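Comments concern the structure below.
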Amino acid sequence: MSRDAAAPASAPATEPSAAPPRRRRRLIISVLLVLVLVLGAATAGIGWYFSGVATEVSHEDEYPLTVLDTAPGSVTLPKDKATTLPGTWALAWKGGRAMLGPVVSTTPDAVVRKVTTVSQGTLAKGTKVYLDHWVYGGDPRASLGLDFQNVAYPSKLGPMPAWLVPGKSYNSTWVIGVHGRNADKLETMRAIPAVHRLGLPMLSIAYRNDVGAPASPDGRNHLGATEWNEVASAIAYARGRGATGVVLYGWSMGGAMAMTALRRAADPAFIRGVALDSPVMDWSATLDKQGAERDLPGIVTGAAKLILQRRVGIDLDDFDQRRYAPHLRTPTLLFTTNDDATVDNGPSVTFAKTAPPGMVTHIATPGDHTDAWNVDPPAYERALTGFLAKVR
């Protein structure tokens, strides 16, 4: 039988009709591959940007509020969750600072607060301001009337500046204050009066990338992965000046640094206690929270975390302090705020629950990130004083 005779009569008609589906499949696959590549590149690009934001060094002030009106002894501000909180706050603007008192009245859009003092500048309608939860704007002598020394403690990167507020004796337990990411020693100022009343020295430290301090080799924040070395250096400095022990006191990222310094301490018994204010107890959870606040899809945040780890050479899993809670042997005072928009509090709550019984004193308060002192200074200082008195 010839090849032509064996071929079905319908063969010439079916071959052309089979080709278009194959071409369509190839086209669809090609389009999908392009989409995957484009989405992958976009995800990587956004992830790179987000990882850069997380590790960026910035010390610029922002002024998100505009003064709506002023009157003798009062100021009218836009109404939001922060401007209506009770407690002690300052109002800061370029070249100026005022201490705020309680809320006088509110409307749907505005809040009137008492102004107790204007320490610098002139507060006027239309001034761009921010609500300053650090409260104090000068050094311990100017703001608190306390004697202090500007000192420098040795570190791997060179001399690091610090404030040393003396106690009754240098041969005692020292408190080492560690501020948060892109913050300043001023963040520690709210704790200084309570520490001073107990007669304990307090060393408030600057660390790499702070204003006036040596920069990190890459000029980026490492979320505490390298900065904790400055805490270790400050402990050595205190010991060399006569300290018989230290209490590490960290705010936000400073809390992560304090916990890392404790875990890696050559002599953990020398660390008598740890005080933590809105600490980052798990960077991965906090980055997830911050990604969600920016409406980033989970896949983008996940990519950002992978990129961040490779970009600055850190392991985010090492900063999940919950893993170490069952082994905690150092008394810890933990403050969290219920409306913290910056740090995920879940890991802090878990840490407190899974630590050995009685090892962590957890105090939850109203307010946003590191606002625990501001909303009720007397209550905060009672808790701090009681804790320090026990561990000193």
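The shown structure was predicted, so the numbers you read here are calculated from the model rather than taken from an experiment.
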Under 3.5 Å, side chain of [X] to main-chain N/O of [Y], donor-acceptor pair present?
X	Y	answer
Asn221	Leu223	no
Thr127	Leu123	no
Arg113	Gly101	yes
Arg272	Thr244	yes
Glu187	Gly180	yes
Glu227	Gly224	yes
Arg181	Ala54	yes
Ser119	Ala98	no
Arg220	Ser216	no
Asn345	Ser348	no

As an exercise, state the distance from [atom1] of [X] to [atom2] of [Y], rounded to the nearest 0.5 Å.
X	Y	atom1	atom2	value
Leu68	Thr76	CG	OG1	6.5 Å
Tyr130	Trp93	OH	CH2	11.0 Å
Leu203	Tyr249	CG	OH	15.0 Å

Please determine whether a side-chain nitrogen of the Lys or Arg among [X] and [Y] lies less than 4.0 Å from a carboxylate oxygen of the Asp or Glu.
X	Y	answer
Asp139	Lys185	no
Asp318	Arg263	yes
Lys81	Asp368	no

The complete set of salt bridge (Lys or Arg N to Asp or Glu O under 4.0 Å) pairs with one or both residues in residues 192-214, sequence neighbours excluded, reads Arg197-Glu381, Arg208-Glu230
* To do: Identify whether Trp163 and Val178 are in the same connected component of the hydrophobic contact network (ILVMFWY, side-chain heavy atoms under 4.5 Å).
  => no
Which heavy atom of [X] sits nearest a heavy atom of [Y], and at what distance?
X	Y	result
Ser74	Val112	CB-CG1, 4.0 Å
Pro166	Asp147	CD-O, 3.4 Å
Pro279	Val343	O-CG1, 3.3 Å
Ala265	Pro268	O-CD, 3.5 Å
Asn338	Ala364	OD1-CB, 3.7 Å
Leu131	Ala82	CD2-O, 3.5 Å

Handout entry: Aromatic Phe351 / basic Arg322 pairing, under 6.0 angstrom, 45° off normal
Key = no
- Message: Check for me whether Arg239 meets the cation-pi criterion with Phe270, that is, NZ or CZ under 6.0 Å from the six-membered ring centre and within 45 degrees of the ring axis.
- Response: yes
When Asp376, Asp339, Thr337 are each screened for side-chain contact (heavy atoms from CB on, under 4.5 Å) with Thr365, the one that passes is Thr337
For Lys289, the salt bridge (Lys or Arg N to Asp or Glu O under 4.0 Å) test, sequence neighbours excluded, returns none
Do [X] and [Y] have side-chain N/O donor and acceptor atoms under 3.5 Å apart?
X	Y	result
Arg190	Asn374	yes
Thr66	Lys128	yes
Thr188	Ser204	yes
Thr107	Asp109	no
His369	Ser252	yes
Ser233	Lys156	no
Arg392	Thr173	no

Quick check: Tyr207 with His179 (ring centres under 6.0 Å apart)?
yes
- Would you call the rings of Tyr237 and Trp174 parallel, tilted or perpendicular, where under 30° means parallel and over 60° means perpendicular? perpendicular
Worksheet item: So does His196 have more than 12 non-hydrogen atoms from other groups sitting under 6.0 Å from NE2?
Response: no
